[in-house]
There are 2 protein chains.
Amino acid sequence: MLRLSKQADYGIVLLSYFLEPDSAPGTGNGMPRSARDLAQLAELPAPMVSKILKHLTRAGILTSQRGSHGGYHLARPATEISLASIVTALEGEIAVTECSPLLTDRTCSHESHCPVRTPLQRLDSIVRRALDGVSLAELVEPTTHRNAS
Amino acid sequence: MLRLSKQADYGIVLLSYFLEPDSAPGTGNGMPRSARDLAQLAELPAPMVSKILKHLTRAGILTSQRGSHGGYHLARPATEISLASIVTALEGEIAVTECSPLLTDRTCSHESHCPVRTPLQRLDSIVRRALDGVSLAELVEPTTHRNAS
DNA sequence: CCGATACTGGACTCGAGCGGTCCTATATTA
DNA sequence: TAATATAGGACCGCTCGAGTCCAGTATCGG
């Protein structure tokens, strides 16, 4: 099924809340969003949300602010956050096939004589480029996308 | 990581052997390839190979011939076998996100008010189209591919 | 200075799904 | 009729992802 992990799925949903000017009543505009608030907004389990936000922060997609009235911010404009970077942050390198050169722990014993190794690697880059070409902003605002159906 | 399942991975490798004119000594040109022979060629566990070939046959990608000197054939030219059909045959509908309209068992409770539902579905079609645009022949013969890196 | 808030980092459990095996039935051919 | 090969399942162990939880640290308000 080539499914995205739930973490990545949730991550995209959570990041989308940073684009809306103001959703939660009582929170200001430029205020950082706390993990708890986001969990309520998205109706997702709080520990899970927390874990995801941590990962996104470590990947440089979000910035964090500790202490009371702390929370998270987008580290850069949504137009500059690629879908690929989100997925990579939450589930590691995008490697559709086992023998991707990006994987360090690959243990394919057929590496030398596999008839489809390089072709499979090309498949890798096809998918990766597809995800690289879509920004968070484009994903959330359907009006700004090129590559219309 | 958006990884392909091993079945799909193996399946692509196995199908690639149907393109080569003649690999195994002793087998003729148009002879069907048996599961056992393919397992030896690809150095993969025989029961696994058998299972995969069965799935590919049921999906109409291969045709089978029972009895002695039986085996499998490509059901149509490799140029007309899309990567998407192979993946679909071996791991079900290509649905990157949970809320794909292709999934019957989706149980997303946020369906009505999810802010990124339709955008995520667009992501689905991006990946699906990427896999649809690559044929088995293109994957194995690097010379015939457009979209060069 | 103290306590409340919120992120940080990691360990931990549990269950589903995948990889892999095996067995019985059926078709084909020599 | 015996050998070969696919058809269609059931079956199992184990990994990995989903989700939880806790101890630690930074920040702010009073």
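The chains referred to below are lettered A, B, ... by the order of the sequence lines, with proteins before strands, and numbering in each begins at 1.
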Exercise. Starting from the 5' end of DNA chain D, give me the residue, A:Gly67 or B:Lys54, whose nearest nucleotide shows up first.
Key: B:Lys54
Self-check item: side chain to side chain contact (heavy atoms under 4.5 Å, CB included) between A:Leu74 and A:Thr63, intermediate numbers included
Solution: CA-CA 6 Å; A:Leu74 284 188; A:Thr63 57; over 6 Å; no
Exercise. For A:Leu44 and D:dG17, give me the distance from atom CG to atom P, rounded to whole Å.
Key: 19 Å
Quiz item: Does OP1 or OP2 of D:dA7 have a side-chain N or O of B:Arg58 closer than 4.0 Å?
Solution: no
Quiz item: Taking only side-chain nitrogens and oxygens of B:Ser64, does any of them come within less than 4.0 Å of OP1 or OP2 of D:dA7?
Solution: yes
Quiz item: Taking the side chain of A:Tyr72 as heavy atoms from C-beta outward, which of D:dT6, C:dT21, C:dT8 is closest to it?
Solution: C:dT8
Quiz item: Rounded to whole angstroms, how far apart are CD1 on B:Ile52 and P on C:dG20?
Solution: 9 Å
Quiz item: Among the nucleotides C:dG9, D:dG8, C:dA30, which one has an atom lying closest to any side-chain atom of B:His69?
Solution: C:dA30
Quiz prompt | Pairwise 5' ranking along DNA chain D for A:Ala46 and A:Ser68, keeping only the more 5' one | solution = A:Ala46
Quiz item: Ignoring hydrogens and angles, are the base of D:dG17 and the side chain of A:Lys6 linked by a donor-acceptor pair under 3.5 Å?
Solution: no
Quiz item: Taking OP1 and OP2 of D:dG17, is either one under 4.0 Å from a side-chain nitrogen or oxygen of A:Tyr10?
Solution: no
Quiz item: Would you say the side chain of B:Ile12 lies within less than 4.5 Å of the side chain of B:Leu4, judging by non-hydrogen atoms?
Solution: yes
Quiz item: Between A:Leu2 (CG) and C:dG17 (P), how many Å, whole number?
Solution: 17 Å
Self-check item: Selection from C:dT21, D:dT6, D:dT20 that lies nearest to any side-chain heavy atom of B:Lys51
Solution: C:dT21
Quiz item: Any donor-acceptor pair under 3.5 Å linking the side chain of B:Asp124 with the backbone of B:Val96?
Solution: yes
Quiz prompt | Atom-to-atom span, CD of B:Glu91 to P of C:dC18 - whole angstrom | solution = 8 Å
Quiz item: To the side chain of B:Thr57, which of D:dA18, D:dA7, C:dC7 is closest?
Solution: D:dA7
Practice problem: Would you kindly give the NE2-to-P distance between B:His55 and D:dG8, to the nearest whole Å? | Solution: 10 Å
Quiz item: When we call it a touch if two heavy atoms are under 4.0 Å apart, what does A:Gln65 touch: a base, just sugar-phosphate, or nothing?
Solution: sugar-phosphate
Quiz item: Can you check the B:Leu62 CG to D:dT6 P distance for me, whole Å?
Solution: 11 Å
Quiz item: Quick one: B:His73 NE2 to D:dT6 C1', roughly how many Å, whole number?
Solution: 14 Å
Practice problem: State, with a plain yes or no, whether a side-chain heavy atom of B:Ser85 is found less than 4.5 Å away from one of B:Ile61. | Solution: yes
Quiz item: Out of curiosity, A:Leu19 CG to A:Thr79 OG1, how far, rounded to the nearest 0.5 Å?
Solution: 9.5 Å
Quiz item: Can you check the A:Leu53 CG to C:dC7 C1' distance for me, whole Å?
Solution: 10 Å
Exercise. For the side chain of B:Arg66, starting at C-beta, report the closest nucleotide among C:dT8, D:dA7, C:dG9.
Key: D:dA7
